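Some notes on the structure that comes next.
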Amino acid sequence: MIKISLPDGTIKEFESGVTPMEVAKSISEGFARNVISAKFNDTILETSTALTTDGSLILYTWNDKEGKKAFWHSTSHVMAQAIEILYPGVKLTIGPAIDNGFYYDMDFGEQKISENDFPKIEAKMLEIARGKHDFQLRAASKADALKFYKDQNNPFKVELIENLEDGTITFCDHDTFTDLCRGGHIPNTGIIKAVKLMSASGSYWRGDEKKPQLTRIYGTSFPKQKDLKEYLELLEEAKKRDHRKLGKELELFTFSKKVGSGLPLWLPKGAALRERLENFLKKAQKKAGYEMVITPHIGQKELYVTSGHYEKYGADSFQPIKTPNEGEEFMLKPMNCPHHCEIYNSSPWSYRDLPKRFAEFGTVYRYEQSGELHGLTRVRGFTQDDAHIFCTPDQLDEEFKKVIDLTLYVFDSLGFDDFTAQVSLRDPENKEKYIGGDEIWEKAESAIIAAANEKGLNYVIEKGEAAFYGPKLDFMVKDALGRSWQLGTIQVDYNLPERFDLTYKGSDNELHRPVMIHRAPFGSMERFIAVLLENTGGNFPLWLMPEQAIILTLSEKFEKYSQKVLTSLENDEIRASANNRNETIGKKIREAEMSKIPYMLIVGEQEEKDGTVSVRKHGEGDIGVMSIEEFTEMINKEIKKTLKAFEV
Ligand SMILES: [Zn+2]
Ligand SMILES: [Zn+2]
């Protein structure tokens, strides 16, 4: 007999050789029908694999990330089979699951394939799926495996097998199809009910441009037709909300090949948006006891050697800048922290002076590979809403909680209510990877967890995800496609205070090391604005909108009255403009709707006579006629509702 422990803590006994599917059935037949993958002692396996030792078992359904992975990877086998049938002689390479689907890299040789061929491949895949063929993992000797692919004249699989140890090689069979595979499949093809091939593009064997060119076919699949339909609708919506598209439409930012990839240029409206966000945070930070500092964009190479950033970013990033002086080198700063450490070092501190909180909207530069660049979410120059808090170890708890409060205030003011938090701790098995003793780590880790609990955060704990210099708390926000982006971060650091020899005089008159907290509620202005755009589709909270209202005249005759309304709004600090052009009101409304301006004030003869405006709300339509004062009062009330003051 073997003992199997399940995630809910129960331990059950089974005869050796029991399969995960049989364990699932012992829990309930209904549950077992949904089980599609399993993990035993941290190894993903088939639901039909015999278990022969004690261990812990996790059973996955479609609703689990691991379940989806097995589902999509298995579908890649089905796609490979369909393509082998339709394109005899095609050479297979690898076909993993990825976020939202799978791909398979193949060598089509002289044969051509395009998106027009997708429907017939999809039809073949569904035909195979309906056959309800079991996926069966089978061990093979290295010699047999090599022979199998040498006979097929497939150099790619041969290369893969040559790098594997004899005795560890497995094949996966289903129907008439066989593929070299480590495992991790769903029970049978019949579970796949909907498939969609998304795109075909060029790729290289092992991602190396010097190696043979392959064709990568991306696809996705679902257990229900309805799920596929929903996914395609979501994709449509995401396209509309793509921040690169919206950024262009709303005239926020642009890129120039001449300036360089990954270096965003902020247009007037985008610069104004950033300025409003910065002022919003500056105001809250001032209340929270931060002091603004300013540091240069470059620093001597030695500064980053001291901080350790040169080691981390040096070779793969922008190279040092030389000067006419022999041996003198500067670097574009990849981080603001070293500069802030030197600000701390510019004066002696006593425990009574701490915490010191230095904040800066500091622009940093990192050389991302060109393939990694993506709109504003991955760039080569970006501005962090950075701050470094230097405090005594006793103040760490309190300071951490204050930073959480500030981050939650930022998220609340910007309408991010769907976020999760991740507490990243040390890997307890690999303590030597981290600097600092057990005591300080345990203290800092429990301080973060206590703070997250006290603030009621919805968080997960990830062991082994901490930075080498300290534990951290990250905030993740979902974009329109459901992809998670890391925005705000709070990190404890014991390393830089050592490296920069930071000290303060304690109540015992001795010198002590302060603890440092790095924090950025937005993360970076670029990524934050990108995610904000995708989250809101460009309909920002009213307080942040570049233009809150626009006056639309029914004809040129009312230009004077339009000007009077505009002046009145501006006197009340409402951001507004007027469209007095000689165009139809329908055209003016359409334009204003496109620009997502929240309020349209239509003025004509009646309005001028009565001193009123006819108000339309973006996306809603007419909301009635009101006096200018009534409108001002209404809009100010709405602004106050979305932007509360930060309470310390
Ligand atoms: Zn496989
Ligand atoms: Zn920092």
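Here the structure is a predicted model, which means the values were calculated and not measured. Both ligands and their constituent atoms are indexed starting at 1 by order of listing.
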Using only atom types and a distance under 3.5 Å, with no angle test, would you say the side chain of K142 pairs donor to acceptor with the backbone of E162? yes
Are any non-hydrogen side-chain atoms of F102 and H73 less than 4.5 angstrom apart? no
Return the name of the atom in H77, of element N, O or S, nearest to the Zn ion (ligand 1). NE2
Less than 6.0 angstrom separating the ring centers of F148 and F171, yes or no? yes
Y504/Y351 under ring-ring contact (aromatic ring centres under 6.0 Å, His included): CA gap, chis, key distance, verdict: CA-CA 6 Å; Y504 66 91; Y351 69 98; 7.6 Å; no
In H185, which N, O or S atom comes closest to the Zn ion (ligand 1)? NE2
Can the ring centroids of Y494 and Y469 be said to lie less than 6.0 angstrom from one another? no
If you have a sec, read the angle at the Zn ion (ligand 1) from C181 atom SG over to H73 atom NE2, to 10 degrees. 100°
Taken by chain and residue number, the protein N/O/S atoms under 2.8 Å from the Zn ion (ligand 2) read C337 SG, H388 NE2, H518 ND1
Among residues at least two apart in sequence or on other chains, which ones pass side chain to side chain donor-acceptor pair (under 3.5 Å) with T176? Q81
Do P212 and F156 have side-chain heavy atoms sitting under 4.5 Å apart? yes
